[in-house]
Amino acid sequence: MNKFTGYRCSLCGAEYLPGQVTYTCPKDGGNLDIIPDYEAIKKKFHPEDITSRTESSLWRYLPLLPVDEPEGDSTPLHAAGWTPVFALPRLAEKLNLKHLWLKDESRNPTASFKDRASAVVVTRARELKAEVVVTASTGNAGAALAGMSAAVGQKAIIFAPKSAPQAKVAQLLIFGAKVILVDGTYDEAFDLSVKASNEFGWYCRNTGYNPFTLEGKKTAAFEIWEWWLEAHREWHQKDKQLDDHAPLTIFVSVGDGNIISGIHKGFKDLFALGWIQNMPRIIGVQAEGSAAIANAFNANTEIITPVSATTIADSISVDLPRDGVRAVRAVKETGGKYITVTDEEIIKSIAELGRMGVFPEPAGATAYAGLVKAAGSGVVRIDDPVLVMNTGSGLKDIRAAMKAVIEAPIIEPTLSAVKKLL
Ligand SMILES: *Cc1c(COP(=O)(O)O)cnc(C)c1O
Ligand SMILES: [Zn+2]
C-alpha cells in the first residue's frame with residue numbers, strides 16, 4: 001500500500017502510478033513530484049490534529065508524508081527535524097529590520113538539513129526492502145544517509161568527491177558506510193553513483209533524482225508553518241499596527257536546488273489542503289562561483305546552463321544543479337528573488353552568526369549573507385518578517401571557519417604575560 005497517489009513530471013506533466021517509476025521521468029528525465037492524496041488527507045485531518053501532536057521530530061507530519069512511520073521510535077531516525085527557531089534582535093537592528101529569526105538545521109542528528117531527506121528515503125528503502133542504499137554527496141547528504149542508515153541497520157554506500165571536508169568524511173566512516181572517494185567533482189561522483197546503482201540494483205538517494213528527498217525536505221515548511229502560527233500571534237499582540245499583509249520572507253541557500261524546492265513543496269501542500277491562505281516569499285541565495293540557478297532565474301528561463309563551480313561553500317558547489325527547474329519556480333511562484341554572494345561575504349557571515357551563538361558551515365551562512373545584501377538593496381523592507389535558514393553546522397568545516405576569525409595568541413603561562421596581552 002502506497003501513501004500517495006502517484007508521481008507528476010515537473011517538466012512534461014506526465015503522471016505515473018506509484019509502482020510505475022522510481023526516480024525521474026522516463027520521457028525527459030524531469031524531476032518527479034510525489035502527489036499526495038489531498039482529498040483523503042483533508043477528510044481525515046484538521047491542522048489541529050497535527051499541531052497538537054507531541055512528537056518532536058519530522059514524524060509529527062506522518063499524515064502528510066508518502067511513507068509509513070519507520071521501525072523503532074527512539075533511534076536517531078526519530079530525531080530528524082523539529083529544529084529550533086531563534087530570534088536575532090541584534091542582527092535585525094544592524095540590518096534595519098524589525099523582525100528576524102533563524103531556523104537552525106545544524107541541530108539535526110548528523111548536523112545538517114539533509115537528515116530530513118535521508119530519514120524519509122531510508123524509510124522508503126526499508127519499505128522497498130532495498131538491500132543497499134547509495135548516494136553521491138559533497139558530504140552532508142552522505143553523512144545524513146550514513147547516519148540514518150546506521151540507525152536502523154541499513155547498508156549504505158557513499159560516493160563523495162575526494163575534496164570533501166575531512167569532518168564530513170569522518171562522519172561517513174564512523175557511521176559505518178562504505179565510503180568511495182572519487183577523484184573528480186561532485187557532478188562526476190553523481191553520474192558514477194547512478195551508473196553503479198543501475199548496475200548493482202542499489203536504491204539511489206541522489207538529490208534531485210530520488211523524488212522522496214523532496215518529501216523529507218518539505219517538512220521544514222511544515223515546521224515553519226507551525227512556528228509562524230504561534231510567532232505571528234505573539235507578534236500581533238505586541239504590535240497592533242503591523243502590516244498584516246507582509247508575508248514571511250524565507251532565505252535559503254541553494255546548490256542543487258532541492259532544499260528550496262522542498263520548502264516550496266511543503267507550502268504548496270499546505271495551500272492545497274486549505275491550511276494556509278498565503279504563501280511565504282522564498283529567496284534563494286547562491287555563491288557567486290556556483291550560480292547556475294540564479295543565472296537561469298535572472299535570464300528568465302528554465303534552461304539551466306552548467307557552470308564550472310568554485311566556492312568555499314562546498315555543500316552548494318555544483319556545476320549542473322539537479323533540481324534547477326523547480327528551484328527557479330520556487331522563487332518565481334512566490335514573488336521571491338535570487339541573490340548571489342561572494343566567498344568573502346559568506347566567510348564574514350559565519351563570524352557574524354557566530355557572535356549570535358550560531359555556528360554555521362559556509363553553505364549554512366550563505367542564506368544570511370544573502371539577507372545582508374538584500375537588506376542593503378531594498379529587497380526586504382523594514383517591516384518584512386524574515387526567517388533565515390542555517391542549513392549546516394560549522395563543525396563540519398573548521399578550515400573555512402578559521403578564515404573568518406583571527407587566530408588566538410599563544411602566551412607563556414604567567415600572569416605578566418596575560419597583563420601584557422590585555
Ligand atoms: C545540501 C546543502 C545545501 C543546498 O541544498 P540543495 O538542495 O543542494 O540546494 C545548503 N546548505 C547545506 C549545508 C547543505 O548541505
Ligand atoms: Zn517528463
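Everything quoted here is computed from the prediction, not taken from an experiment.
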Side chains of N108 and K114, donor plus acceptor under 3.5 Å: no
Side-chain H-bond candidate by donor/acceptor type, Q286 with N295, under 3.5 Å: no
Within 6.0 angstrom of E69 CD, more than 12 heavy atoms from elsewhere: yes
K44 bridged to D49 by N-O distance under 4.0 Å: no
Neighbour count above 12 (heavy atom, 6.0 Å) for I174 CD1: no
Heavy-atom closest pair, residues L172 and G142: CD2-C, 3.2 Å
W59 and W82 aromatic centres sub-6.0 Å: no
Check ion pair D191-K195 (N to O, under 4.0 angstrom): no
Option from D323, T207, N31, N206 for which side-chain hydrogen bond (donor to acceptor under 3.5 Å, both in side chains) with N258 holds: D323
Nearest heavy-atom neighbours spanning T366 and V285: O-CG1, 3.3 Å
Within 6.0 angstrom of I398 CD1, more than 12 heavy atoms from elsewhere: no
Residues that E333 engages under side chain to side chain donor-acceptor pair (under 3.5 Å), provided they are two or more places apart: none
Residues R8, D33: salt bridge by 4.0 Å N-O rule: no
Residue that, paired with F212, satisfies ring-ring contact (aromatic ring centres under 6.0 Å, His included) out of Y203, Y23, F4: F4
Stepwise salt bridge (charged side-chain N to carboxylate O under 4.0 Å, His left out) test for R322 and D187: CA-CA 9 Å; R322 308 289 169 156; D187 295 75; 3.7 Å; yes
Closest heavy-atom pair and its distance - S315, A363: CB-CB, 3.6 Å
Worked check of side-chain contact (heavy atoms from CB on, under 4.5 Å) between D269 and Y38: CA-CA 8 Å; D269 278 0; Y38 292 118; 2.5 Å; yes
Counterpart residues, salt bridge (charged side-chain N to carboxylate O under 4.0 Å, His left out), relative to E39 (two or more places apart): K42
Minimum side-chain heavy-atom gap E361-K168 below 4.5 Å: yes
Short N-O contact, K403 and D343, less than 4.0 angstrom: no
Taking every non-hydrogen atom, the tightest pair across S118 and A141: OG-O, 3.7 Å
Nearest atoms (heavy-atom pairs only) where P18 meets G6: CD-CA, 3.9 Å
Salt bridge flag under 4.0 Å for residues E127 and R124: yes
Test log, rule salt bridge (charged side-chain N to carboxylate O under 4.0 Å, His left out), inputs R233 and E230: CA-CA 5 Å; R233 189 166 24 238; E230 200 49 46; 2.8 Å; yes
S10 side chain reached by L32 side chain, heavy atoms, under 4.5 Å: no
Presence of salt bridge, D37 and K3, under 4.0 angstrom: no
Residue K337 excluded, over 12 heavy atoms near NZ under 6.0 Å: no
Pair K396-N140, side-chain donor/acceptor within less than 3.5 Å: yes
Qualifying ring pair (Phe, Tyr, Trp, His ring centres under 6.0 Å) pairs, either residue in residues 171-202, two or more places apart: F200-W202
Non-hydrogen side-chain atoms of I34 and L214 separated by less than 4.5 Å: no
Aromatic ring proximity, centroids under 6.0 angstrom, Y16 and Y7: no
R399, CZ: over 12 other non-hydrogen atoms inside 6.0 angstrom: no
Over 12 non-hydrogen atoms of neighbours within 6.0 angstrom of NZ in K268: yes
Residue pair V122 / S149: nearest heavy atoms and the distance that separates them: CG2-OG, 3.6 Å
Given R60, K218, R116, R107, the one that forms salt bridge (Lys or Arg N to Asp or Glu O under 4.0 Å) with E223: R116
Over 12 foreign heavy atoms within 6.0 Å of CD, E15: yes
Polar contact flag, side-chain donor to acceptor under 3.5 angstrom, Y61-E226: yes
Whether over 12 other heavy atoms sit under 6.0 Å from K373 NZ: yes
Modelled atom types, side-chain donor and acceptor of D384 and T249, under 3.5 Å: no
